[in-house]
Asks: 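I'd like to ask some things about the structure below.
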Amino acid sequence: MATILGGICTSHIPAIGAAIARGAQDDDYWKPFFDGYPPARDWLRSVQPDIAVVIYNDHGLNFFLDAIPTFAIGAAHQYHNADEGWGLPTLDPYPGDPAFSWHIINSVVEDEFDVTMCQEMRVDHAFTVPLSLMWPDRSEMHIKTIPIEINTVQHPLPSPKRCYAFGQAIGRALAAYPKDLKVVLLATGGLSHQLDGKRAGFINKEFDLRCMTEIVDSPEALAALSTHELVELAGTQGVELMMWLTMRGALGSQVRQVHSHYHIPVSNTAAGLLLLENAA
Amino acid sequence: MFVSQHTQDNHEIPGTTIFDGEMAMRGYQLNKMCYSFNEAENRDAFLADEDAYCERFGLDEEQRDAIRNRNVLSLIKAGGNVYYLAKFAGIFGLNVQDIGAQQTGMTVDEFKTKLESAGD
């Protein structure tokens, strides 16, 4: 049976990808951010996952407003990165595991989460940046990937409570997969930030630190927030905390915090990293 | 009114536009144009003839003015969604700190200082 090793939550800001592309990791601005990542890479090297389930939100690369799915799951042999409008270098495709994807799709739909099924899915920075942070050298990345996408573009968004429950359904699906595979979850996005309006530049350190604490042992308290409360507390794009809650739902009720890191600012965002290991 | 009343308390959050169904309908053409900027050849076509490109996507006067003035707050008011507007801003080499500064009436340095001070 498949085993869920644990999960890693990390911010996914496009500027991180740009910094990696120009080799700026040791610059004064970037070093305090990138210095948070070696412990997560060490953990991945020690546990050697076979599959990364990446829970992220598309920023207008694969989906447009003509049809925005609330929850979408990729079921492709590979996932292509593409230009998001800024002309950054396009990264090599990421291998998928369509049989495992269809298992998850079948399982969560049976569990009454009626997802959109994608046999083609272009993946943007929210998918690629966390993978680049975890495996800076692609030749050392021997995992297959399964993208799970959640709408943060067009309101109404799924509620934090619904995302947490979706995560629980994903967790049941993963645990029921008959192949002997080791799975790690990546949740990408957050923490507090707002790009638009006169409130642009809003960051809420107090709330972020509350999230990083509560998501470990009392995620239900965060899941009880409404979307509107989340916008107010975390900013219009801080709603990406939904990815973290989805991942937390997929982990077991008991988890052990292996590593955490928090840094303000990266671009307009408070950057958070949290590594939780499933307590067997 | 396109959007039904919610049961929750969705009071206004200062300086914040919730991109709901009403805004999505208002800004559809504008956002569709910005979505097209994912492709380099479309960015080039826009730069070659802005008015013709806006015309092709059927932008209304308010949207065309906001595009012409590179004014992010006006673009949001006209239905622009920041995820797509970021692609428009990128054409001019503007990042989210540049558009943050513009929207808050600060210089870019002042805006960066504001972000850094959030960590204190």
Asks: Which region of B:Thr16, side chain (C-beta onward) or backbone (N, CA, C, O), has a non-hydrogen atom less than 4.5 Å from a non-hydrogen atom of chain A, or is it both or neither?
Replies: both
Asks: As an exercise: rank A:Leu157, A:Asn204, A:Thr152 by heavy-atom pairs under 4.5 Å with chain B and give me the winner.
Replies: A:Thr152
Asks: So which of A:Thr269, A:Asp83, A:Asp208 has the biggest tally of heavy-atom pairs under 4.5 Å with chain B?
Replies: A:Asp83
Asks: Tell me, for A:Leu209 versus chain B, whether the close heavy atoms (under 4.5 Å) come from the side chain, the backbone, both or neither.
Replies: neither
Asks: Can you tell which part of B:Phe37 gets under 4.5 Å to a heavy atom of chain A, answering side chain, backbone, both or neither?
Replies: backbone
Asks: Kindly compute the distance separating CE (B:Met23) from CD (A:Gln154), expressed to the nearest 0.5 Å.
Replies: 10.5 Å
Asks: Measuring heavy-atom distances to chain A, does B:Ala89 have an atom under 4.5 Å in its side chain, in its backbone, in both, or in neither?
Replies: neither
Asks: In terms of heavy-atom pairs under 4.5 Å, which option from A:Glu232, A:Gln237, A:Glu229, A:His263 contacts chain B the most?
Replies: A:Glu232
Asks: Is chain A contacted by the side chain of B:Asn81, its backbone, both, or neither, given a heavy-atom distance below 4.5 Å?
Replies: side chain
Asks: What part of B:Tyr84 is in contact with chain A, defined as an atom under 4.5 angstrom from a non-hydrogen atom: side chain, backbone, both or neither?
Replies: side chain
Asks: Checking heavy atoms, do the side chain of A:Gln194, its backbone, both or neither come under 4.5 Å from chain B?
Replies: side chain
Asks: Which answer fits B:Asn95, side chain, backbone, both or neither, if we ask what part of it has an atom under 4.5 Å from a heavy atom of chain A?
Replies: neither
Asks: For B:Lys112, is it the side chain, the backbone, both or neither that has a heavy atom under 4.5 Å from a heavy atom of chain A?
Replies: neither
Asks: Tell me, side chain or backbone of B:Ile76 under 4.5 Å from chain A's heavy atoms, or both, or neither?
Replies: side chain
Asks: I want to know whether B:Tyr83 and A:Phe64 have ring centres closer than 6.0 Å.
Replies: no
Asks: So which part of B:Val96 gets closer than 4.5 Å to some heavy atom of chain A, the side chain, the backbone, both or neither?
Replies: both
